[in-house]
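In this text, all values refer to a predicted model and were calculated from it rather than measured experimentally.
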Amino acid sequence: MLARHPGYNLAMAQSIYFVGLMAVGKTSVGKHLAASLGRDFFDSDQVIEERAGVPIAWIFDVEGERAFRDREQAVIDELTGKESIVLATGGGAVLRPANRRALRGRGCAVHLYSPIDRLLERAGKDKRRPLLQQGDPRETLEQLWHERKPLYDEVADYRFLTAGQGARALAEDVERILRSEGVIRD
């Protein structure tokens with residue numbers, strides 16, 4: 001369940017960042033954890049949509065993935081500069097080296113992962129997820145997993161399996177582990 005990153009620095013662990021594939025529960029778990037800790041919660045995809053005034057799917061369709069990733073990098077840089085927050089990142093936030101450096105160096109990164117079948121149940125027909133609108137959603141998720149898993153591993157200080165429990169229970173597990181490790185201090 002745990003895998004502390006070798007470059008982990010407890011002094012920089014004021015903020016907690018969730019990474020992982022789409023539909024794994026980063027936002028749901030993050031909101032519960034932030035509420036329990038009394039911290040501000042941010043979802044990088046929501047911030048991008050609010051600032052752009054359009055859904056992410058529109059940005060992908062009209063501006064392209066590169067333009068979306070540019071927006072995402074700017075938001076990740078800004079949000080990881082805040083102290084004592086909880087942040088849910090988009091599934092592809094780890095694609096850019098600058099994002100990985102920010103997530104790894106400015107707080108504690110928690111990788112949430114789940115079996116592909118569970119992700120398909122949650123997101124397989126979700127029209128707001130542009131990467132799942134091209135081809136077979138299972139193949140897409142499997143390909144994304146194989147491409148991104150090494151990047152999640154590079155960033156993550158901790159890993160948690162999300163299958164089999166609700167978001168609140170998982171947030172409680174994350175909090176318990178991070179407190180026992182001294183990452184969360186009152």
### Task
Could you pull out all residues at least two apart from Gln165 that satisfy side chain to side chain contact (heavy atoms under 4.5 Å, CB included)?
Ala169, Leu170, Asp173
### Query
Are the side chain of Arg185 and the backbone of Arg179 linked by a donor-acceptor contact shorter than 3.5 Å?
no
## Note on the structure
Distance col, row Asn99:CG vs Ile76:CD1, nearest 0.5 angstrom, shows 5.0 Å
### Query
How long is the gap from NZ on Lys26 to CG on Leu21, to the nearest 0.5 Å?
7.0 Å
### Task
Say whether, by atom type as modelled, one donor and one acceptor occur between the side chain of Arg100 and the main chain of Val94 under 3.5 angstrom.
yes
### Which atom of Thr89 lies closest to which atom of Ala93, heavy atoms considered
CB-CB, 3.8 Å
### Message
With heavy-atom distances below 4.5 Å as the criterion, would you say the side chains of Thr27 and Phe18 are in contact?
### Response
no
### Query
Is Tyr152 reaching over with its side chain to a backbone N or O of Gly20, donor-acceptor style, under 3.5 angstrom?
yes
### Task
Could you walk me through whether Arg176 and Glu172 pass salt bridge (Lys or Arg N to Asp or Glu O under 4.0 Å), step by step?
CA-CA 6 Å; Arg176 181 178 46 78; Glu172 290 170 358; over 6 Å; no
## Note on the structure
Closest non-hydrogen contact found for Arg118 with Thr162 is NE-O, 3.8 Å
#### Entry: Closest approach of Ala167 to His32 (non-hydrogen atoms, all atoms of both residues)
CB-CD2, 3.7 Å
### Query
Mind checking whether Tyr17 and Val110 have side chains closer than 4.5 Å, heavy atoms only?
no
## Note on the structure
To the nearest 0.5 Å, atom CG of Asp70 lies from atom CD1 of Ile59 at 11.0 Å
### Summary
dist Ser180:OG -> Glu175:CD (nearest 0.5 Å) comes out at 11.0 Å
### Query
Hey, does Lys149 have a side-chain heavy atom less than 4.5 Å from the side chain of Asp153?
yes
### Task
Would you mind reporting whether Leu119 and Glu142 have side-chain heavy atoms less than 4.5 Å apart?
no
### Message
Using a 3.5 Å distance criterion without hydrogens, assess whether the side chain of Ser15 forms a donor-acceptor pair with backbone atoms of Ser84.
### Response
yes
#### Entry: Distance in Å, Ile184 CD1 paired with Gln14 CD, rounded so as to fall on 0.5 Å steps
10.5 Å
### Message
Here's a test for you: under side-chain contact (heavy atoms from CB on, under 4.5 Å), which of Val47, Val19, Thr80 qualifies with Leu87?
### Response
Thr80
### Message
With side-chain contact (heavy atoms from CB on, under 4.5 Å) as the criterion, how do Phe160 and Ile177 come out once you've worked through the C-alpha distance, each side chain's angles and the decisive distance to 0.1 Å?
### Response
CA-CA 10 Å; Phe160 289 86; Ile177 298 280; 4.0 Å; yes
### Query
Should we count CZ of Arg96 as having more than 12 external heavy atoms under 6.0 Å?
yes
### Message
Using 30° and 60° as the class boundaries, would you call the ring planes of His111 and Trp145 parallel, tilted or perpendicular?
### Response
parallel
### Query
What residues, two or more places apart in sequence or in another chain, satisfy side-chain hydrogen bond (donor to acceptor under 3.5 Å, both in side chains) together with Arg101?
none
### Query
When rounded to the nearest 0.5 angstrom, what distance separates CG in Leu161 from OH in Tyr113?
4.5 Å
### Message
Can you confirm whether Glu63 sits close enough to Arg71 that some side-chain heavy atom of one is under 4.5 Å from a side-chain heavy atom of the other?
### Response
yes
### Query
What are the two closest heavy atoms between Leu178 and Cys108, and how far apart are they?
CD2-SG, 4.1 Å
### Query
Any donor-acceptor pair under 3.5 Å linking the side chain of Arg106 with the backbone of Asp77?
yes
### Task
For the pair Arg138 and Asp117, find out whether any cationic side-chain nitrogen is under 4.0 Å from an anionic carboxylate oxygen.
yes
